[in-house]
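Take a look at the structure set out below.
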Number of protein chains: 2
Amino acid sequence: MPHRDDSVETIHQELTAFARRARATAARMHPELSLVSYTLLAHLDDQQGCRATDLAAHYCLDKSTVSRQIAALEKLGFVERRVDPDDHRVQVLHPTEKGAQTLANVTASRRQAFQERLADWDEADLDRFASYLARYNATQESRD
Amino acid sequence: MPHRDDSVETIHQELTAFARRARATAARMHPELSLVSYTLLAHLDDQQGCRATDLAAHYCLDKSTVSRQIAALEKLGFVERRVDPDDHRVQVLHPTEKGAQTLANVTASRRQAFQERLADWDEADLDRFASYLARYNATQESRD
DNA sequence: AAACTGCGTTGTACTATACAACTACTTTGA
DNA sequence: TCAAAGTAGTTGTATAGTACAACGCAGTTT
């Protein structure tokens, strides 16, 4: 079934090509918030706060990596820690006002860059592309 | 136009999620050939040899980065350098027999992983997904 | 010939990452 | 009840990938 193979090969190559560039592009656009920091902060914002361990599990990162990333975000004043009164081992992490503001700015400008890149796509194509990506990643997540 | 915004946001998030994981997944699957090395070697194979400068330009990497990656690939015996007879500053890079063989193995196993992940997609969806990704990346490339 | 340009390497620094060892706290079960 | 086992997070250490700057060498231009 050669056609199917070709499609899979293209998806493989194009996703790889994207992955190669994403970090660098993110860093160029937002020196103050790396791709990883951005993602973690966005998750905190989205979840209304969570634990470091949850972040590690969700993003398949080592807890030490998360610990250091959070330490950096805290140093920048973007995140605050609240010790869980029920379990003193646990720190519940929340974006600060400043963190939420910076996140909103970065999100807006990232979204704008994407908008520009996708400006000449019609809505049906955008919609299908979005759902394909979501479907693809959902499969991936269940394997990680 | 809220629907359009939603699609763009999803694409943004899903591509970012993918990017976050791609390196780690690649490293787990193929400790002998990182995502970057793999990509560079694949390009050499595809182009039937090229210069370090060409690789740097094509992948938006610094020449020093390429220089070190190529040095590593050479040390592994995957790449050989041939000095251009017309210009002694230039080294034309080629995969070795061993490099081409390893590349083929890695490509095959990466492709298989993708095949499995995409096994329950029908052909029309695969085809559309592939062309959306290609279209997306083509836009991106012209901006880099 | 001297100045300029282009290719590649090396020195240095930084970020993201993992793994292992550790501290501090909580839960369990005999 | 209290010791053993488990869990949350930090820190030490090591590695990969990356950029920028300074350099050396080989061609090219004036």
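Residue numbering restarts at 1 for every chain, and letters A, B, ... go by the order of the sequence lines.
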What are the atom names and distances for every N/O pair under 3.5 Å that joins the protein to nucleotides 25-30 of chain D?
residue: D:dG27; atom: OP1; partner: B:H88; partner atom: N; Å: 3.1

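Residue A:L40 contributes atom CG, which lies 14 Å from atom C1' of C:dT15 at whole-angstrom precision. Look at OH on B:Y38: it is 19 Å from C1' on D:dG17, rounded to the nearest Å. The distance between atom CG of B:D62 and atom C1' of C:dT12, rounded to the nearest whole Å, is 13 Å.
Heavy atoms only, all atoms of each residue included: A:A130 and B:S7 are closest at CB-O, 3.7 Å. Of all non-hydrogen atoms in A:R128 and A:S131, the two that sit nearest each other are O-OG, 3.0 Å. Among all heavy-atom pairs drawn from B:K98 and B:L76, the shortest one is NZ-O, 3.0 Å.
The nucleotide whose nearest atom lies closest to any side-chain atom of B:L61 is, among D:dG9, D:dA19, C:dT17, D:dA19.
A donor and an acceptor atom, one from each side chain of A:E116 and A:Q112, are located under 3.5 Å apart.
Note that OH of A:Y132 is 8.5 Å distant from CG of B:L126, once rounded to the nearest 0.5 Å. Here the OG1 atom belonging to A:T102 is positioned 10.0 Å from the CD atom belonging to A:E97, to the nearest 0.5 angstrom.
Annotation: cation-pi geometry not satisfied between A:R135 and B:F129 (NZ/CZ under 6.0 angstrom from ring centroid, within 45° of ring axis). Judged by the 6.0 Å and 45° rule, B:R111 forms no cation-pi pair with B:F114.
Although no hydrogens or angles enter the test, the distance criterion places a donor-acceptor pair under 3.5 Å between the side chain of B:T96 and the main chain of B:G77.
A heavy atom closer than 4.0 Å to some atom of DNA chain C occurs in no member of residues 43-57 of chain A. Taking a 4.0 Å limit (strictly below) on heavy-atom distances, residues 63-83 of chain B reaches DNA chain D at B:S64, B:T65, B:R68, B:Q69.
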Checking side chain to side chain donor-acceptor pair (under 3.5 Å) for the pair A:S34/A:S37: CA distance, chi angles, key distance, verdict?
CA-CA 5 Å; A:S34 78; A:S37 305; 3.1 Å; yes
